[in-house]
Amino acid sequence: MGAVRGLFSLRTKLFLAFFLLAALITLAISYRLYVHMRTDHLNTLKRDLAVIADLAATQEESRRITQWVVTGRDKAAASQAAQDLQHRLTGESLDIERIYVWKVTASGEYVAWAESKNVPPDISGQSTAAPYTGLPPTEVTRPIVIEIPDSNFEIVAYAPLKDGSGKIVALISLAVNGAMVAEDVRHFIIQVTNVAILAILVVGVISWWLARGFARRLSRLYEAMDEIAAGNLNIALPEKGQDELALLANRLNQLAVNLASEREEMLLSAIESLVAALEAKDTYTYGHSSQVSAMAYAIARQIDLSEQELFTVRIAALLHDIGKIGIPDQVLNKPGRLDGDERCIIEQHPVIGAKILAGIPALARVTEMVKHHHARWDGKGYPEALAEEEIPLGARIIAVADTYQAMTSDRPYRKGLGQDIALTELKRCVGSQFDPVLVEAFAKAWPACKPGEE
C-alpha cells in the first residue's frame with residue numbers, strides 16, 4: 001500500500017510540475033496575445049479616427065464653424081453645426097461621443113469655443129494653455145490622435161481648421177465613445193480568456209498523459225528491482241528512447257543478465273559438487289548423469305523449449321539420480337539383480353533427491369522433475385501415480401533419456417543393448433511408459449544423442 005501511495009505521489013508531483021510550467025507559459029502567451037490584440041485594435045481605431053477627423057475638417061459644417069470662429073460670434077450656431085457634424089459622422093462610421101471646437105489665439109493658445117453637447121463646467125471660454133486634458137500642447141498642423149491618460153479608453157482626434165489664406169484658426173476634436181472601446185477590449189479579454197482556458201485544459205490533459213507515462217515507466221523500474229531483489233532475474237525492461245529512464249532500464253537489464261550468469265555459475269559449481277559426491281558412491285552413476293543430461297537437452301531443444309527451460313531440464317537431468325546418495329551401498333552397488341525389498345529401497349531415490357534439492361530455492365522447478373522422473377505415461381510409475389500431462393514435462397523428457405542410456409549401458413549382470421534395439425524398445429513403450437511426442441522428438445534428435453555428445 002505504501003508503494004502505491006509513493007507512486008501516486010510521484011505521479012501527482014510530475015503532473016503538477018508539467019501542468020504548472022505549461023500553464024504559466026500559456027498564461028504568459030495569452031497575456032501577450034491580449035496586449036497585441038488590444039494595441040492593434042487601438043492603433044486601427046486611431047488610424048480610422050484620424051481619417052475621419054481629416055474628413056470632418058472638409059465638411060460644410062466645419063467651413064461654417066471656421067467662418068464663425070474668424071468673425072468671433074455666433075457660438076450657439078457653431079455648437080449646432082458641431083452637433084450636425086457629429087450626427088453625420090456617427091451615422092456613417094464610428095460612434096463619435098462629442099465634437100469640440102477650439103479657437104487658436106494670436107499667441108497660439110487654445111480657447112474652448114463650442115461643442116456638440118452642452119459645455120461642461122471646466123470649459124468656460126477662458127483662454128488657457130491647455131483648457132482640456134485631451135488637448136495637445138503643441139501646434140496641430142495635421143490630424144493627430146491621442147489616448148487620454150487615466151481615462152476609460154477615451155480617444156480624441158484633432159484636425160486643424162484653416163481660413164481662406166490657409167492660416168490655422170481653430171481645431172476640431174472628435175472624441176470616441178470610451179464605453180464602446182472598453183466593450184471591444186472586454187470582448188478581446190473574453191476571447192483570450194476562453195482560448196487560455198481551453199489551452200490550459202489541453203495542457204492539463206497532456207501533462208496528465210506525460211506524468212502517467214513517466215510514472216508507469218518508473219513503476220516498471222521499481223517492479224524490476226523488486227523482482228531482482230526476490231531472485232527473479234528473468235526480466236526484460238523496454239529500452240525505448242534516449243532519456244535517463246531508458247538508460248536506467250538498460251542498466252537494470254544488464255545487471256539481471258550478469259547476476260543470472262553469476263548465479264548459473266554458482267549453481268553449476270554446487271551441482272558439480274553434488275554429482276561428484278554421487279559418482280564417488282555409485283560406480284554406475286559415473287558418466288551416466290552427464291550422458292542423460294546431454295540427451296535430455298537434445299530432446300528439449302527438438303521441441304523448441306525456451307533457453308531458461310533448456311537450462312532447467314539440463315540441470316534436472318544432471319541431478320536426477322542425486323537421491324541415490326541416501327541409498328545404502330550394499331543395495332546401490334549390488335552386482336546382481338535386486339530382490340523385492342531392495343527394489344523398494346532403490347525406488348526411494350527420487351523422493352530422497354527431491355528432499356535434498358528442496359532446500360535450494362533456485363532448484364524449485366528442478367526438484368519436481370527429479371521427484372517424478374520415474375513416473376509413467378500410463379500412471380503406473382513411482383513415487384506417485386501421476387499420468388500423462390500430470391507429469392512435469394522435464395520429468396517426462398528425463399524418463400526417455402534415462403531409460404535409453406540405461407538400456408545401452410553395460411551392467412555387471414548384462415551387456416548393454418545396441419542403439420537401434422534400444423530405440424525400438426522406446427517406441428514399443430510409447431503410450432504406456434513414455435510420452436509419444438517426446439519419443440518421436442528423441443528419434444528425430446537421435447544423431448545428436450549419442451552418449452558423451454551434446
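The chain is numbered in sequence order, starting from 1. As the structure is a prediction and not an experimental result, all values here were calculated from the model.
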### Task
Run the numbers on V439 and D435 for side chain to side chain contact (heavy atoms under 4.5 Å, CB included), then give the verdict.
CA-CA 6 Å; V439 172; D435 183 339; over 6 Å; no
Pair [X]-[Y], side-chain donor/acceptor within less than 3.5 Å:
X	Y	value
W102	S173	yes
E309	S306	yes
Q405	H288	yes
R98	Y100	yes

### Task
Go through Y382 and E347 one step at a time and tell me if the side chain to side chain contact (heavy atoms under 4.5 Å, CB included) criterion holds.
CA-CA 7 Å; Y382 61 89; E347 286 180 357; 3.5 Å; yes
Rounded to the nearest 0.5 Å, how far apart are [atom1] of [X] and [atom2] of [Y]?
X	Y	atom1	atom2	answer
L305	L310	CG	CG	5.5 Å
E425	D420	CD	CG	13.5 Å
L85	I99	CG	CD1	4.0 Å
M407	T424	CE	OG1	9.0 Å
L198	T193	CG	OG1	12.5 Å
L417	L423	CG	CG	12.0 Å

State whether the side chain of [X] and the backbone N or O of [Y] hold a donor-acceptor pair below 3.5 Å, judged by distance alone.
X	Y	result
Q59	A56	no
E368	A364	no
T58	L55	yes
S409	A406	no
D321	K324	no
S293	S289	no
H372	M369	no
D402	I398	no

Minimal non-hydrogen separation, [X] against [Y], with atom names:
X	Y	answer
L49	A157	CG-CB, 3.4 Å
A298	A445	O-CB, 4.0 Å
V313	A300	CG1-CB, 4.3 Å
L171	P160	CD2-CA, 3.8 Å
P383	V351	CB-CG2, 3.6 Å
G323	I352	O-CG2, 3.4 Å

#### Entry: Results of side-chain contact (heavy atoms from CB on, under 4.5 Å) for V205 - residues two or more places apart only
none
### Message
My understanding is that only residues two or more places apart in sequence, or in another chain, count here; which of them pass side-chain contact (heavy atoms from CB on, under 4.5 Å) with T44?
### Response
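Listed in chain order: D40, R47, D48.
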### Query
Can M37 and Q191 be said to form a side chain to side chain contact (heavy atoms under 4.5 Å, CB included), step by step?
CA-CA 10 Å; M37 292 175 65; Q191 284 185 318; 3.6 Å; yes
### Task
Apply side chain to side chain contact (heavy atoms under 4.5 Å, CB included) to the pair L27 and Y31, showing each step before the final yes or no.
CA-CA 6 Å; L27 290 175; Y31 176 74; over 6 Å; no
### Query
Does the distance from a Lys or Arg side-chain N to an Asp or Glu carboxylate O, for K371 and E384, drop under 4.0 Å?
yes
### R396/E390 salt bridge by N-O under 4.0 Å criterion
no
Tell me, do [X] and [Y] make a side-chain contact under 4.5 Å, heavy atoms counted?
X	Y	answer
L174	I155	no
V366	T312	yes
C429	W377	no

### Task
Tell me whether the centres of the aromatic rings in H374 and H320 are closer together than 6.0 Å.
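No, they do not, as the ring centres are separated by 6.0 Å or more.
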